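Heads up: the structure comes next, in structure tokens.
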Amino acid sequence: MNDTSARGQHSHVFDQGNPIAQRRVRWAVWLTATMMVAEIVGGWWYNSMALLADGWHMSSHALALGLSVVAYAAARRYAEDRRFAFGTWKIEVLSGYTSAIMLLGVAGLMLFQSVERLFSPTEIHYNQAISIAVVGLLVNLACAWLLREDHGHHHAHHASEGAAHHHHHDLNLRSAYLHVITDAATSVLAIVALLGGKLWGAAWLDPVMGIVGAVLVTLWALGLLRETGRVLLDAEMDKPVVGEIRDVLRQIPTVQVTDLHVWRVGKGKYACIVSLATSSLITADQIRQQLSIHEELVHVTVEINNLPT
């Protein structure tokens, strides 16, 4: 735990970044951008709305994945910049938030184009469109494979009492992974729609699947928007670590918590400011020592107000 007393300086680099994920996302950018061009050209040439929608959807993913790479690089470059009071990790979170907004925009575009095509159908060249959609799906699966190990990898901290578990995500990588998965889902929908049109003459399936894909993307984007937004707005006072801090402080005789603020400064790492009222001679260092059992607390500021005895 960093010592927050006035006696010395300490590092504000609370997150070490994720260079392996950055390298994998960079590969995913190139794969996605290549397939994006193929799907947009193929969808336009063969009149497949589902394929065209998937291509435009993939274009947003290429941009979002590129944004993730830039965010990793910026967070690392400015890690030692003292202008960032609590480190640069939230640059990565901001990238995830921006990616979620981009997903909502793509969902809106997909919905508009699909509804338009539903009422104004055109001839679809099924064989060619299906071939491109299958290749697109394979590219999506390859990108998901690239990001597989880091996504959803949890680090669990076991408190000495209570055995509480905290799951920590790389939200920048999570946003990149989500873009890949949504793209894979829309590729599957496009393939289903094209096969239905080819085998059973159900041409209406193509725009309908585009609409289904738009709804699916919207739901996933809203989930990512909520998760990243909570971190950016420091709206995490309902996290288990907050209750654990209060539990520790309640066990200290003659100490009353008058104010407490907890927020994230890295993947699974928190800073906190606590104000206490006490009639005893307890010191801030003693309070920090009590809280040190929680390794996720990396920056603790303690204010003690002495009550009259």
Side-chain angles (χ1 to χ4, degrees), residues 1-16 75 79 82-94 96-97 154-172 174 223-309:
M1 178 179 297
N2 290 329
D3 182 10
T4 58
S5 68
R7 292 193 298 271
Q9 297 294 323
H10 57 268
S11 173
H12 284 125
V13 180
F14 302 117
D15 193 87
Q16 300 305 315
R82 301 298 292 183
R83 292 176 298 175
F84 294 89
F86 289 95
T88 57
W89 173 67
K90 285 188 178 179
I91 293 177
E92 298 178 17
V93 181
L94 182 60
Y97 183 86
H154 303 310
H155 300 281
H157 162 65
H158 299 272
S160 59
E161 296 182 15
H165 299 273
H166 307 296
H167 300 298
H168 313 310
H169 298 283
D170 180 335
L171 292 174
N172 191 32
R174 179 177 171 81
L224 181 59
L225 206 60
R226 282 192 297 268
E227 187 171 4
T228 53
R230 282 167 59 88
V231 175
L232 293 173
L233 295 173
D234 299 325
E236 297 195 292
M237 287 298 290
D238 57 347
K239 292 293 184 181
V241 67
V242 179
E244 292 169 3
I245 292 172
R246 293 187 184 277
D247 290 340
V248 169
L249 296 174
R250 287 192 192 103
Q251 296 173 15
I252 305 175
T254 72
V255 166
Q256 177 185 353
V257 179
T258 57
D259 199 11
L260 177 63
H261 301 277
V262 181
W263 66 99
R264 254 197 280 186
V265 293
K267 291 183 289 293
K269 297 178 181 179
Y270 294 83
C272 86
I273 298 175
V274 57
S275 295
L276 304 173
T278 180
S279 58
S280 67
L281 297 179
I282 194 167
T283 66
D285 284 337
Q286 289 174 312
I287 297 297
R288 280 191 287 271
Q289 184 62 35
Q290 292 288 329
L291 292 173
S292 65
I293 63 171
H294 297 297
E295 296 175 356
E296 62 265 65
L297 290 176
V298 294
H299 192 285
V300 178
T301 302
V302 180
E303 177 187 63
I304 296 180
N305 299 297
N306 293 315
L307 298 175
T309 55

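Just so it is clear, the model here is predicted, and its values are computed rather than measured. In this chain, numbering begins with 1 at the start of the sequence shown. For the numbers below, each heavy atom of this structure counts, side chains included, while hydrogens, waters and symmetry mates do not.
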Quiz prompt | pair V302-D285: side-chain heavy atoms closer than 4.5 Å | solution = no
Exercise. Would you check if I252 and T254 make a side-chain contact, meaning some heavy-atom pair closer than 4.5 Å?
Key: no
Practice problem: With sequence neighbours excluded, tell me which residues meet salt bridge (Lys or Arg N to Asp or Glu O under 4.0 Å) with E303. | Solution: none
Exercise. Would you name the heavy atoms of A235 and D238 that are closest together and state the gap between them?
Key: O-OD1, 4.2 Å
Quiz prompt | 4.5 Å side-chain heavy-atom contact, L249 and I287 | solution = yes
Quiz item: Quick one: which of H261, K90, R264 gives a side-chain hydrogen bond (donor to acceptor under 3.5 Å, both in side chains) with D234?
Solution: K90
Exercise. Determine the minimum heavy-atom distance between A277 and T258, stating which atoms define it.
Key: CB-CG2, 3.8 Å
Quiz item: Has the side chain of T88 got a donor or acceptor atom that lies under 3.5 Å from a matching backbone atom of I91?
Solution: no
Quiz item: Hey, does W263 have a side-chain heavy atom less than 4.5 Å from the side chain of E236?
Solution: no
Quiz item: Do D259 and V274 have side chains that get closer than 4.5 Å, going by heavy atoms?
Solution: no
Quiz item: Between L276 and N305, is any pair of side-chain heavy atoms under 4.5 Å apart?
Solution: no
Quiz item: H294 versus E244: any side-chain heavy-atom pair under 4.5 Å?
Solution: yes
Exercise. Look up atom CG in L297 and atom NE2 in H299, then write down how far apart they are to the nearest 0.5 Å.
Key: 11.5 Å
Self-check item: Non-hydrogen atoms of F86 and A271 that approach each other most closely
Solution: CE2-CB, 4.1 Å
Practice problem: Show your working on side-chain contact (heavy atoms from CB on, under 4.5 Å) between E296 and K239 and close with a plain yes or no. | Solution: CA-CA 12 Å; E296 62 265 65; K239 292 293 184 181; over 6 Å; no
Quiz item: Where is the tightest heavy-atom contact between Q290 and I293, given as atom of each residue plus distance?
Solution: O-CG1, 3.8 Å
Quiz prompt | Closest approach of E92 to A75 (non-hydrogen atoms, all atoms of both residues) | solution = OE2-CB, 3.8 Å
Quiz item: Do I273 and L260 touch side chain to side chain, with heavy atoms closer than 4.5 Å?
Solution: no
Exercise. Sorted by first residue and then second, give each ring-ring contact (aromatic ring centres under 6.0 Å, His included) pair with at least one member in residues 271-290; sequence neighbours left out.
Key: none
Self-check item: Partners passing salt bridge (Lys or Arg N to Asp or Glu O under 4.0 Å) against R246 (at least two apart in sequence or in another chain)
Solution: none
Quiz prompt | Rounded distance [0.5 Å steps], SG in C272 versus CD1 in I245 | solution = 4.5 Å
Exercise. Could you tell me the separation between the CD atom of E295 and the NZ atom of K269, rounded to the nearest 0.5 Å?
Key: 10.5 Å
Self-check item: Over all atoms of both residues, closest heavy-atom pair of V93 and T228
Solution: CG1-O, 3.7 Å
Quiz prompt | Polar side-chain atom of Q286 near backbone of T283 as donor-acceptor pair, under 3.5 Å | solution = yes
Self-check item: Spacing of CG belonging to L225 relative to OH belonging to Y97, to within rounding of 0.5 Å
Solution: 5.0 Å
